[in-house]
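Report on the structure given below.
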Protein chains: 2
Amino acid sequence: METDGRYDCLKLENQLCFPLYACAKEVVRRYRPLLDELGITYTQYITMMVLWEHRSMSVKDIGETVCLDSGTLTPLLKKLEEKGFVERGRSPDDERVLTVTVTEKGMELRDRALSVPGAIASCIPLSAEDAVTLARILRDLKSALNAQ
Amino acid sequence: METDGRYDCLKLENQLCFPLYACAKEVVRRYRPLLDELGITYTQYITMMVLWEHRSMSVKDIGETVCLDSGTLTPLLKKLEEKGFVERGRSPDDERVLTVTVTEKGMELRDRALSVPGAIASCIPLSAEDAVTLARILRDLKSALNAQ
DNA sequence: TACTATTTAATTGTGTACAATTGAATCGAG
DNA sequence: CTCGATTCAATTGTACACAATTAAATAGTA
């Protein structure tokens, strides 16, 4: 092993990005058992979240909101449609855009999902203070990354 | 749209986990052009990082270090072997364990990777202060999650 | 009006992720 | 010493994730 530290910057323990990547995966894993009961995945959950709020949206707008492209969203939305939570149809105004609309069953899912945020909060071991700080830093980081 | 806020906890903007998930993806994306020149992906990069440090490790130990299971690592290590960066072979002591060892070419890759951390640091828009705080919070979070 | 440029989803191809299962090797209690 | 339990890596199956390309529709311009 080296002692002079020429390669210290390539040690996993000195990386900032790795904890970010690892924590994100671990947190998503915590959602799994909760979302299994609703019959959806984490990615489907955040997609439903924006649809619960807006009722009806284009694939493009959904993608910009949840940071996913059509390569991920097209199959995901087809799955949500198969499960009966959304309907997909071309916009009459512009045949290029596909409008995704929440169904009645999709809105019922929202009520069943009400307990999820609380359950997650109670199993993510983060002090109230750190949670606020983390939220602030990540918000700033995301907008700075988008601005680049 | 609701005004009473019964569903506020299900709004994307009120989530802490989503920025974590989105920032992690965005940061990994920043690595892509840099790692493309080395011919590896981000996951392959963090795997090489632990191998550069330890030279030789079992799949299990690699997995615990980089938080990946054999389902992800087995195909990934085969790709690294095809590229000539590692060698895979069963341990003589215990035929169950597969020992992964960095090759000479793998060690040469390390020198070519030396510029990556600096390049990433300069394109991740985070103040020195926030970087330290973020690292601390994520480190605490990860160890608390592991302890559960 | 023609005709190019742009916008939009869908598709293709590669590479993670991970739960669950499998099968071989090893361990350990009786 | 033996046989059931455990430990490993590999495999199977499902679901992202995203760059690059495609194809259809629309917008913009000469």
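Scope of the values below: all heavy atoms of this structure, side chains included, with no hydrogens, waters or symmetry mates. All chains are named by letter (A, B, ...) in the order of the sequence lines, taking the proteins before the strands, and each is independently numbered beginning at 1. Values in this document were obtained by computation on a predicted structure and should not be read as measured data.
A:Lys25 has its NZ atom 16 Å from the P atom of D:dC16, to the nearest Å. One can place CE of A:Met57 at 16 Å from C1' of C:dA9, the figure rounded to the nearest angstrom. Going from atom CG of B:Leu98 over to atom P of C:dA25 covers 14 Å, rounded to whole Å.
For DNA chain C, the residues of residues 27-43 of chain B within the heavy-atom distance limit of 4.0 Å (strictly under) are B:Thr41, B:Thr43, sorted by number. Contacts between residues 64-73 of chain B and DNA chain C, counted as heavy-atom distances below 4.0 Å, involve B:Cys67, B:Leu68, B:Asp69, B:Gly71, B:Thr72. Remark: A:Thr74, A:Lys78 in residues 74-84 of chain A come within less than 4.0 Å of DNA chain C through at least one heavy atom.
Atom-to-atom distance recorded for B:Gln44:CD and B:Leu76:CG is 5.0 Å, nearest 0.5 angstrom.
Side-chain contact between A:Arg88 and A:Leu80 is absent, with no heavy atoms from C-beta onward closer than 4.5 Å. Under the 4.5 Å side-chain criterion, counting only non-hydrogen atoms from C-beta, B:Arg136 is in contact with A:Asp130. Looking at B:Leu35 and B:Thr41, their side chains never come closer than 4.5 Å, going by heavy atoms from C-beta outward. In this structure the side chain of A:Leu126 reaches within 4.5 angstrom of the side chain of B:Leu16, judged on heavy atoms. Side-chain contact between B:Leu20 and B:Leu138 is present, with heavy atoms from C-beta onward closer than 4.5 Å. At a threshold of 4.5 Å between non-hydrogen side-chain atoms, the residues A:Leu141 and B:Ile124 count as touching. B:Pro117 places a side-chain heavy atom less than 4.5 Å from the side chain of A:Leu10.
No single ILVMFWY cluster, assembled from side-chain heavy atoms under 4.5 Å apart, contains both A:Ile137 and A:Val132.
Side-chain atoms of B:Glu26 do not come within 3.5 Å of backbone N or O of A:Lys142 as any donor-acceptor pair.
A salt bridge does not link B:Asp36 to B:Arg32: none of the charged nitrogens lies less than 4.0 Å from a carboxylate oxygen.
Note on B:Lys60: every side-chain N or O is 4.0 Å or more away from OP1 and OP2 of D:dT7. Listed pair A:Tyr21 / C:dA17 meets the phosphate criterion, a side-chain N or O lying under 4.0 Å from OP1 or OP2. Contact between the side-chain N/O atoms of A:Ser58 and the OP1/OP2 oxygens of C:dA9 is found at a separation under 4.0 Å.
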Quick one: which protein N/O atoms are closer than 3.5 Å to N/O atoms of nucleotides 21-27 of chain D? Pair and distance per line, please.
| residue | atom | partner | partner atom | Å |
| --- | --- | --- | --- | --- |
| D:dT26 | OP1 | A:Glu95 | N | 3.0 |

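Remark: B:Tyr42 engages A:Tyr21, B:Tyr31 in a ring pair (Phe, Tyr, Trp, His ring centres under 6.0 Å) (not counting sequence neighbours).
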Check residues 89-101 of chain A and write down every donor-acceptor pair under 3.5 Å in which the side-chain atom is one partner and the other belongs to a residue at least two apart or another chain.
| residue | atom | partner | partner atom | Å |
| --- | --- | --- | --- | --- |
| A:Arg90 | NH1 | A:Glu95 | O | 3.4 |
| A:Arg90 | NH1 | A:Arg96 | O | 2.6 |
| A:Ser91 | OG | A:Asp93 | N | 3.2 |
| A:Ser91 | OG | A:Asp94 | N | 3.4 |
| A:Asp94 | OD1 | A:Arg96 | N | 2.9 |
| A:Asp94 | OD1 | A:Arg96 | NE | 3.1 |
| A:Asp94 | OD2 | A:Arg96 | NE | 3.4 |
| A:Asp94 | OD2 | A:Arg96 | NH2 | 2.7 |
| A:Thr101 | OG1 | A:Ser56 | OG | 3.0 |

